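Working notes, beginning with the structure itself.
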Amino acid sequence: VRGLLGAVAAALVVGAGCGDPDVGALYRAERDFQKVQREARRLSMQPDLTTPEEMLGLAVRFEAIGRRYLPGDGVATHPPNERRRRIEELGVAASLFAARYYLQLDEGERGRTLAESVRSATALRPELAMRAQAVVVDALLAAGEHEEALDQLWSLAEDYPLVDGRTGELHTRAFNAPIEAVRLARAGGDSAAVQASVDRALAVYVGVRAAWRDAMPALSADLHRAALLQSRGQWRQAVELSEAILASYPDSVLRPEVASRVELSVGRLLFHHDGDGSAAERHLLRARELAPGTDPAHDAAFELADLATRQGNIDEAVARYRLVVKEAADDGVRAPVAMFRAAETLQAADRWEEALSELRTLRATYPRSAAGMEVPFILARHHRESGEPELEANVLRRAEEELEDLIAATTPGHPEHALAYRNLIRSRTLRQDWAGAVASLVAFAEAMPGRPEAAQALLDAAGLSREQVGDSEQADVLLRRVEAQFPESMFAETARRMRGENAATERDARAGGAPGER
Amino acid sequence: VRQLNLAVAAIAHGVSMLARPLPIVPLAVYMLIQSLVLFLVVNFHLPGLVDVLAPAIRGLFGEAALHYPALFVVLPDLLGVSNIVVGALIGVYLWGVAVRLAARALAPDAAQDAWGASRRRYGQLFLAQLPVVAIALLLYFLPQAVFGGTELRGNALRAVRYGILGSGVAVEAVFLMAPMAVVLEGRNARRAIGRSFAFFRSNPVAALLVVGVPTLLHFPWMYVYRRSHSIVERFAPETVAIVVWTEILFYMVTNFILVVAATRAFLVAEEAA
């Protein structure tokens, strides 16, 4: 036993001198990071039950991990190795998770400061600094500082590597930054700035194209270039570039689904801008051939159906839509939309009985889809136009009952829940059941407390109460609720303005009524 | 029927002696040592330990096992291997003490000095258990050597798993009486192994049952370990360490039953002879 203990002690002494000290450090970094990440994942599964305090707790814990493992000046003195690189990555990831939580908690300044401190950490690898830069951009966007955000977006696009030099993988956020910058410039409404942004973005992608020749990054750059040309209205150049993409890239780079998307894009441009139906049809058919059963193939079928409708080939158009329904039966969006468009096409061609049959199938097959929920409104409109108000009201009432059942069966925050509420409100408004519409709007707002949609619903309810129900007092109560629940927001500002208008109207009414009373 | 009676009576003795568990002391010491090993493995990343344990873990289960939470996926296997090694180095001595204490409890006229006598017989105990350790390690790494990178599934996986388990039980049954022969009869390792072979030849069913029944009691843990990947993904990875520790605790109980049952079978067979 003594010999054994001696051997163990000797192994400890000998081993202590020749091990890799970063093995333990990396393990601890992974453990600390994943423990908090697991908690974050748990909370993300129940977003409605997560309190701001819990999120703040996560942010603080992530920030502490970042501080512990971000090497700062230390990295420069330590010989870089794979483990140290991984520790550094975890430190950056933790800090940036913390920064993003701060952004979500409306502590934008704190998030931005943290991201900026990561970005400027000594000797940080460019791809890690780039991730921090992306968070800085998001912080600025969240704070509404669009000009500064635009500058930082261009910095992201021009000062950091867009592509991993070794693997050729795109650094997606940085790679898409020029497109994002164009979009931001467009939102600003200054056409000269938009033009300049597009030129600058094109220059970035031309640079990538030149550096990567026929490889994947070059293809991605060309696809962005085609989209930019299209957005600038240079659709002919966009078509030429797209055709060059189709002709020049090898199959190993231009995968069938991507090629199908490019064909779809060319077909759309030719159809909607050039009016060259036969050329458009050729490209759209090619899009379907290249990647059958995929999203671009289905979208090409929609375009082909549209083309057939324009050419007066109603049967062909309907057949195309039905093909989408068959091919994309599991696609809860495209299949019902295709059925709806087939019905619309038949209705426009005065084939109401066939359209009705299509609508009934749609309602029976996809009752919870947006298109399925639209069916009662089409039927109601038909009855209205046919001079059958009783039937119109009956159809809407039945739809309302079904929508109420759907609301009861789904949880707030679920897309179908919101959709059902919107259609319920719309139906009651159509039936001029104003009190019912107000009640639905208030119930919708109560189902989603704190959400912008709730604020808008309360504002709408207040508007209907005042204008249609004639209940200014209820309107005032609802507007005060918006001010209390959404202070410092544009909704509160609108509510204040509406209350001011209400008060002025009341005063005017009283002033106008006084002489008569006298 | 005779062997069945022998095995059932021996195991029943093991269970009934849980009420006066003097022989459990050395097994409790062994449990503490195993717990310490578990603690050290789970904390291998600490300065001082990492330099010794990391190369061993890497050597046994590859670089991935040095990461969190992958360590916890391989933890049951890691502890299985370390158990074989620790058992060979320290366990044999404590097993010897437990056998002498069990013999004293079963036959009060037996020799009294359990700890000192076993310490003096440590070398022979170690040698007598060496073949079992070698075969156990071989069985542990055999599938990896035979199937290499091929991932076994379904019945093939089950066949390999139960094959190894069955082989392990059989090997332990064959060498079961060697420690008894060393500490109770004072034989050297070679003769003790011969004595154990002779016992197995005349009582194979009893030997297999005495080893197999306590082993089967560990099935729930084996079931959980097969799902250690899911546990790590769905719960806190440290859950695996807790499960391993509960098995270490339970191992003390099943080891106790095994020691008492084997000692009883040995003494009965000796009397009959």
Side-chain angles (χ1 to χ4, degrees), chain A residues 1-46 58 61-62 64-66 68-69 74 78 81-91 93-94 97, chain B residues 29 33 36-37 40-59 62-73 75 82 85-94 96-97 115-116 118-123 125-126 231-239 241:
Chain A
V1 172
R2 272 197 296 273
L4 185 70
L5 291 173
V8 171
L12 282 168
V13 171
V14 172
C18 52
D20 181 350
D22 292 330
V23 171
L26 174 56
Y27 181 89
R28 284 192 294 277
E30 287 172 336
R31 183 197 57 191
D32 294 350
F33 181 79
Q34 290 195 29
K35 275 185 178 173
V36 187
Q37 200 184 30
R38 200 165 55 237
E39 178 68 7
R41 213 177 296 134
R42 189 184 66 78
L43 292 179
S44 72
M45 283 177 191
Q46 39 188 6
L58 281 179
R61 285 170 70 188
F62 270 129
I65 293 171
R68 199 176 313 146
Y69 294 108
H78 207 284
N81 62 32
E82 203 45 53
R83 289 200 181 87
R84 195 126 282 276
R85 267 195 257 277
R86 182 79 190 114
I87 293 170
E88 191 182 55
E89 268 175 27
L90 286 169
F97 266 125
Chain B
V29 173
I33 292 168
L36 178 68
V37 170
L40 293 178
V41 169
V42 168
N43 291 286
F44 84 94
H45 55 86
L46 294 174
L49 285 178
V50 70
D51 299 325
V52 176
L53 293 179
I57 295 171
R58 186 192 291 119
E63 178 69 27
L66 294 174
H67 294 270
Y68 183 92
L71 174 78
F72 289 94
V73 176
L75 187 66
S82 68
V85 177
V86 173
L89 295 174
I90 304 169
V92 284
Y93 165 64
L94 294 168
V97 176
W115 295 86
S118 296
R119 195 176 65 235
R120 284 189 293 278
R121 305 294 296 155
Y122 175 76
L125 278 169
F126 177 78
I231 295 174
V232 164
E233 274 177 8
R234 290 186 194 170
F235 308 101
E238 288 76 7
T239 310

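The figures here come from the full heavy-atom set of this structure, side chains too, leaving out hydrogens, waters and symmetry mates. Below, chain A is the first sequence line, B the second, and so on; all start at residue 1. A quick note: this is a predicted structure, and the numbers were derived from the prediction, not measured.
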Q) For B/F72, is it the side chain, the backbone, both, or neither that has a heavy atom closer than 4.5 Å to a heavy atom of chain A? A) side chain

Q) Can you name the residues of residues 37-44 of chain A that have some heavy atom under 4.5 Å away from a heavy atom in chain B? A) A/R38

(Q) My understanding is that only residues two or more places apart in sequence, or in another chain, count here; which of them pass side chain to side chain contact (heavy atoms under 4.5 Å, CB included) with B/V86? (A) B/Y30, B/I33, B/V37, B/I90

(Q) Quick check: under 4.5 Å, non-hydrogen atoms only, which of residues 27-35 of chain A neighbour chain B? (A) A/Y27, A/R28, A/E30, A/R31, A/Q34, A/K35

Q | Pairing residues for A/R83 by the salt bridge (charged side-chain N to carboxylate O under 4.0 Å, His left out) criterion, not counting sequence neighbours | A | A/D20, B/E63

Q) With a 4.5 angstrom heavy-atom cut-off, which part of B/L53 approaches chain A: side chain, backbone, both or neither? A) neither

Q) For chain A, which of B/P237, B/A54, B/P47 has the most heavy-atom pairs under 4.5 Å? A) B/P237

